[in-house]
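Worksheet for the structure shown next.
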Amino acid sequence: MQPLLAACVALTFLAGRMAEDSCGGPPAPAHSAFAPRLSAEEAHSTHMPEHLRCDACRAIAFQIQEHLGKAEAKRSPGRKAGAELRESEYMEVLEKSCSQSWDGYGVMEVEGVKRLTGPGLPSQEPMMVMMSGGPWPGRLHKMCHGYVGELGEEQLYRAHRRGAAALQELLCRGAKGACTVPLHSGEPAPARAPQNEL
């Protein structure tokens, strides 16, 4: 009995699922994941596709909040941690947060729906295939600079000081917000004016 058990253990380590089946264990669940199929707009446009703009806005709000929070935590020795940044400081931090590489972001498909994924965005699946790089970093860079240009550094910083929810509300909600939701579940979202991206 011990040689058979040892053989099954060895096979399990060497052959994975196939060994479980041959040793009388339950078959392992089959998982498959595929890279998302991108439409022509998703693959080639210089702008963020409309259906991904809310996710992109949330990612931008997260990154701005993170960068400003870290800058406030790194105060010079004469100033207390968490104190407000000077105008020149928060302007520099906002520039850096928008000009970062954005490499950790990409698109994935979950049950036929494409979503942007990366830091600050909820993970939709425990096992997924994310297509990163390509046009996504450039689109996020462009959107971020568009928000800073449209809203202004001071307004963004004041929202940050009120908290992450206030910053996300300013960027992503409201009449022109990318995350504006319909009032009733069956009702379409109101038409928005196109946002001017740099």
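In this text the structure is predicted, and so the values were computed from the model without any measurement.
- For a disulfide, the SG atoms of both cysteines must be under 2.5 angstrom apart; this fails for C172 and C179.
- Side-chain N or O atoms of Y105 include none that pairs as donor or acceptor with a backbone N or O of P137 at under 3.5 Å.
- The residues R161 and E72 are annotated as salt-bridged, a charged nitrogen and a carboxylate oxygen being separated by less than 4.0 angstrom.
- Put simply, the side chain of C144 does not reach to within 4.5 Å of the side chain of Q63, judged on heavy atoms.
- For the atom pair CG of L156 and CE of M91, the computed distance is 11.0 Å after rounding to the nearest 0.5 Å.
- Across all their heavy atoms, Q65 and L167 have their closest contact at OE1-CD2, 3.3 Å.
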Subject >> Step-by-step side-chain contact (heavy atoms from CB on, under 4.5 Å) determination, R115 to V113 >> reply: CA-CA 6 Å; R115 300 294 305 265; V113 178; 4.0 Å; yes
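- At distances below 3.5 Å, not a single donor-acceptor pair connects side-chain atoms of R58 with backbone N or O atoms of P122.
- Smallest separation of non-hydrogen atoms from A61 and Q168: CB-CA, 4.1 Å.
- Residue E153 holds its CD atom at 11.0 Å from CD of Q155, rounded to the nearest 0.5 Å.
- Between D55 and the choices V107, L116, T117, the side-chain contact (heavy atoms from CB on, under 4.5 Å) rule is met once, by L116.
- Here the straight-line distance linking atom OG of S101 with atom NE2 of H141 works out to 10.5 Å at 0.5 Å rounding.
- Residue L68 holds its CG atom at 5.0 Å from CG of L94, rounded to the nearest 0.5 Å.
- Of all non-hydrogen atoms in A166 and A159, the two that sit nearest each other are CB-O, 3.6 Å.
- Inspection of the H47 and E41 side chains reveals no N or O donor paired with an N or O acceptor under 3.5 Å.
- Proximity of a side-chain donor or acceptor of Q100 to a complementary backbone N or O of S97 within less than 3.5 Å is detected.
- Once rounded to the nearest 0.5 Å, the distance linking OH of Y147 with SG of C57 reads 3.5 Å.
- To the nearest 0.5 angstrom, W136 atom CH2 is 14.5 Å from D103 atom CG.
- Closest heavy-atom contact between I60 and L140: CD1-O, 3.9 Å.
- For the 3.5 Å distance criterion, the side chains of H145 and S99 qualify, holding a donor opposite an acceptor.
- Under the ring-ring contact (aromatic ring centres under 6.0 Å, His included) criterion, H67 pairs with no residue, sequence neighbours left out.
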Original post:
Under the side-chain contact (heavy atoms from CB on, under 4.5 Å) criterion, do Y90 and H160 qualify, and how do the steps go?
Top reply: CA-CA 11 Å; Y90 67 71; H160 155 77; over 6 Å; no
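- Under a 4.0 Å N-O distance rule, the pair R158/E84 qualifies as a salt bridge.
- In the model, Y157 has no side-chain atom that pairs as donor or acceptor with a side-chain atom of E89 under 3.5 Å.
- Applying the salt bridge (Lys or Arg N to Asp or Glu O under 4.0 Å) rule to K96 yields the partners E92; only residues at least two apart in sequence or on another chain are considered.
- Summarising the geometry of A56 relative to M48, their closest heavy-atom pair is CB-CE, 3.7 Å, with the distance given to 0.1 Å.
- Looking at every heavy atom in both residues, K142 comes nearest to T46 through NZ-OG1, 3.4 Å.
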